[in-house]
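So the structure is just underneath, and the comments pick up after that.
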There are 2 protein chains.
Amino acid sequence: MDKTATRTRIQTKNRQAILDAGLAVFSQQGFRGATLDQIAKAAGLSRPNLLYYFPSKEAIHVVLLAGLLDTWLDPLRALDAGGNPVDEVLAYVRRKLELSRDFPRESRLFANEILQGAPRIGAALSGELKELVDEKAAVIRGWAAAGQIAEVDPYHLIFSIWAMTQHYADFDVQVHAVLGPERADPYPSAGAYLDTLFRSLLTPRNVT
Amino acid sequence: MDKTATRTRIQTKNRQAILDAGLAVFSQQGFRGATLDQIAKAAGLSRPNLLYYFPSKEAIHVVLLAGLLDTWLDPLRALDAGGNPVDEVLAYVRRKLELSRDFPRESRLFANEILQGAPRIGAALSGELKELVDEKAAVIRGWAAAGQIAEVDPYHLIFSIWAMTQHYADFDVQVHAVLGPERADPYPSAGAYLDTLFRSLLTPRNVT
DNA sequence: CGTTGCTTTGACCGAATGGTCAAATCAAGC
DNA sequence: GCTTGATTTGACCATTCGGTCAAAGCAACG
């Protein structure tokens, strides 16, 4: 019963083109701001043709959001309670930053959804997202209790990692406006900065 | 020639109601996603009545964005080259966080504008925003060179302050979903966390 | 080459949207 | 209470939007 089993070559190609176009448009305009014409044009199809592949605008959006949270949380899932605490967190930061660099549209799609009050993924936020964060927060708290990292609020630590890594994707225009054309790619220096930032936060000091 | 000089009491009241309603709707739906009916309803006026006070949807949006950047940058302007470096930065973080707590809709309005590619304030970003940041970045670089704070990229430092403080306004729904109902107000703990974070980053270590 | 099923399109529809306008209502000073 | 100007409204309009549908085009296979 694989949904992709009975797909023509044309079908897979056009579905992909539509999802790609939808991602581009939704991530910039939000759901309400996006129009089917914009998406159809970006996909190189006529509007009725687009609606031959997806039953509605909503359907495209749903498919896009569906896979999103999962991919987005993968780096956090990989945080290993058995590894070296500081390295684990820094590796998480690095993976998250790479995600922003490689999939900025996905990041902006997510940002739009949250800004609008998460009408379509609110349940997943207080469900699987909260569960995962609770679990990993406990791990971090454990490390702190064992003196392997400094005492920090694990929730705010995670929030700050999200905020800073996604900032480079979501506020891309602002970052480039401020840095100017000469510093076109902010990611190398951002990576170094974030590394320093979280290392200095987590590295245990001379305990009093 | 003060624009407010010839305003009736009713005018000032209704204009304010409209701007307030517009802020609420635009900050959640973005410009394209917002409708005049939503704004009119939120302002307690009929749509034609609303258009008696503002000539168009765009006009409301423009007025809202106009004052925004200025208010938003005030805390950074207050960063004093003559003060104690670490204290100055930490005070900046605190002021910025207060802005997020007290004016979350303004923060989201700004976020929406940037997400959409800053079509209306792009010029101000590479203009006055860049100028101000360049100036303050130079101040921070000076502090680092003098050994008063640790060596950090001043631009990324500023980005990280923006990202983390605004995160609590823009991603409010997500923050609350993750923290759950028992930790309703994240701001006190966020303030403490950010204080620790940036203090540990900036405090000069035993220089090698 | 003809049939069958997949794909594409032009024409169309109802609803929503931004905006206009003339007429009605209201408030305030005389 | 009457007049004048500010305010409010209902009716209306053109455009855009999401979506439908029947018919046309096309590819593949016998």
Side-chain angles (χ1 to χ4, degrees), chain A residues 2-65 109 112-113 116 119-120, chain B residues 2-65 109 112-113 116 119-120:
Chain A
D2 186 353
K3 279 183 188 173
T4 63
T6 49
R7 291 232 177 95
T8 307
R9 260 165 283 126
I10 298 188
Q11 269 173 353
T12 16
K13 192 196 76 180
N14 280 346
R15 272 186 64 96
Q16 197 47 51
I18 291 169
L19 288 176
D20 204 63
L23 178 59
V25 178
F26 282 135
S27 67
Q28 216 212 328
Q29 309 271 8
F31 180 74
R32 291 219 43 186
T35 77
L36 283 180
D37 277 312
Q38 289 175 309
I39 301 175
K41 192 178 177 184
L45 298 174
S46 68
R47 184 158 38 91
N49 199 180
L50 180 152
L51 288 161
Y52 168 72
Y53 291 100
F54 288 88
S56 69
K57 178 180 168 181
E58 176 102 34
I60 306 175
H61 197 244
V62 165
V63 172
L64 285 173
L65 279 184
L109 182 70
N112 257 303
E113 171 71 8
Q116 283 158 31
R120 295 156 221 274
Chain B
D2 187 353
K3 278 183 189 173
T4 64
T6 50
R7 291 234 177 92
T8 307
R9 264 165 281 125
I10 299 187
Q11 271 174 353
T12 17
K13 193 196 76 182
N14 280 345
R15 271 184 64 95
Q16 197 46 53
I18 291 168
L19 288 176
D20 205 62
L23 178 58
V25 177
F26 282 135
S27 68
Q28 217 213 327
Q29 308 271 8
F31 180 74
R32 291 221 42 189
T35 77
L36 284 180
D37 276 312
Q38 289 175 309
I39 301 175
K41 192 179 177 185
L45 298 173
S46 68
R47 186 157 40 91
N49 199 179
L50 180 150
L51 287 162
Y52 169 72
Y53 291 99
F54 288 87
S56 68
K57 178 180 167 181
E58 176 101 33
I60 306 175
H61 196 243
V62 165
V63 172
L64 284 173
L65 279 184
L109 181 71
N112 255 304
E113 171 70 8
Q116 283 157 32
R120 294 156 222 273

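Note: hydrogens, waters and symmetry copies are ignored here, and every other heavy atom, side chains too, is used. These figures come from a predicted structure and were not determined experimentally.
To the nearest 0.5 Å, the span separating OH on Tyr53(A) from CD1 on Ile10(A) amounts to 6.0 Å. Interatomic distance, NZ of Lys57(B) versus OG1 of Thr35(B), reported as 7.0 Å (0.5 Å rounding).
A heavy atom closer than 4.0 Å to some atom of DNA chain D occurs in Ala34(A), Thr35(A), Leu36(A), these being the qualifying members of residues 30-44 of chain A.
Side chains of Asn14(A) and Tyr52(A) form no contact here, defined as non-hydrogen atoms less than 4.5 Å apart. Asn112(B) places a side-chain heavy atom less than 4.5 Å from the side chain of Gln116(B).
The side chain to side chain contact (heavy atoms under 4.5 Å, CB included) test with Leu23(B) singles out one residue from Leu109(B), Ile39(B), Ile18(B), Val63(B), and that residue is Leu109(B).
Listed by first and then second residue, the salt bridge (charged side-chain N to carboxylate O under 4.0 Å, His left out) pairs that reach into residues 32-45 of chain B are Asp37(B)-Arg47(B), sequence neighbours excluded.
Distance, Lys57(A) NZ to dC17(D) P: 9 Å, rounded to whole Å. Protein atom CZ of Phe54(A) is 15 Å distant from nucleotide atom P of dT20(D), rounded to whole Å.
In this structure, Phe31(A) and His61(A) have tilted ring planes: the angle between them lies in the 30° to 60° band.
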Nucleotides 6-15 of chain C: which of its N/O atoms have a protein N/O under 3.5 Å away?
from   : atom 1 : to       : atom 2 : distance (Å)
dT7(C) : OP1    : Thr8(A)  : OG1    : 3.3
dT7(C) : OP2    : Gln11(A) : NE2    : 2.7
dT7(C) : OP2    : Tyr52(A) : OH     : 3.2
dT8(C) : OP2    : Asn14(A) : ND2    : 3.1
dT8(C) : OP2    : Asn49(A) : OD1    : 3.3
dT8(C) : OP2    : Asn49(A) : ND2    : 3.2
dT8(C) : OP2    : Tyr53(A) : OH     : 2.6
dT8(C) : O5'    : Asn49(A) : OD1    : 3.0
dT9(C) : OP2    : Ser46(A) : OG     : 3.2

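The shortest heavy-atom contact between Ala17(A) and Ala43(A) is O-CB, 3.7 Å.
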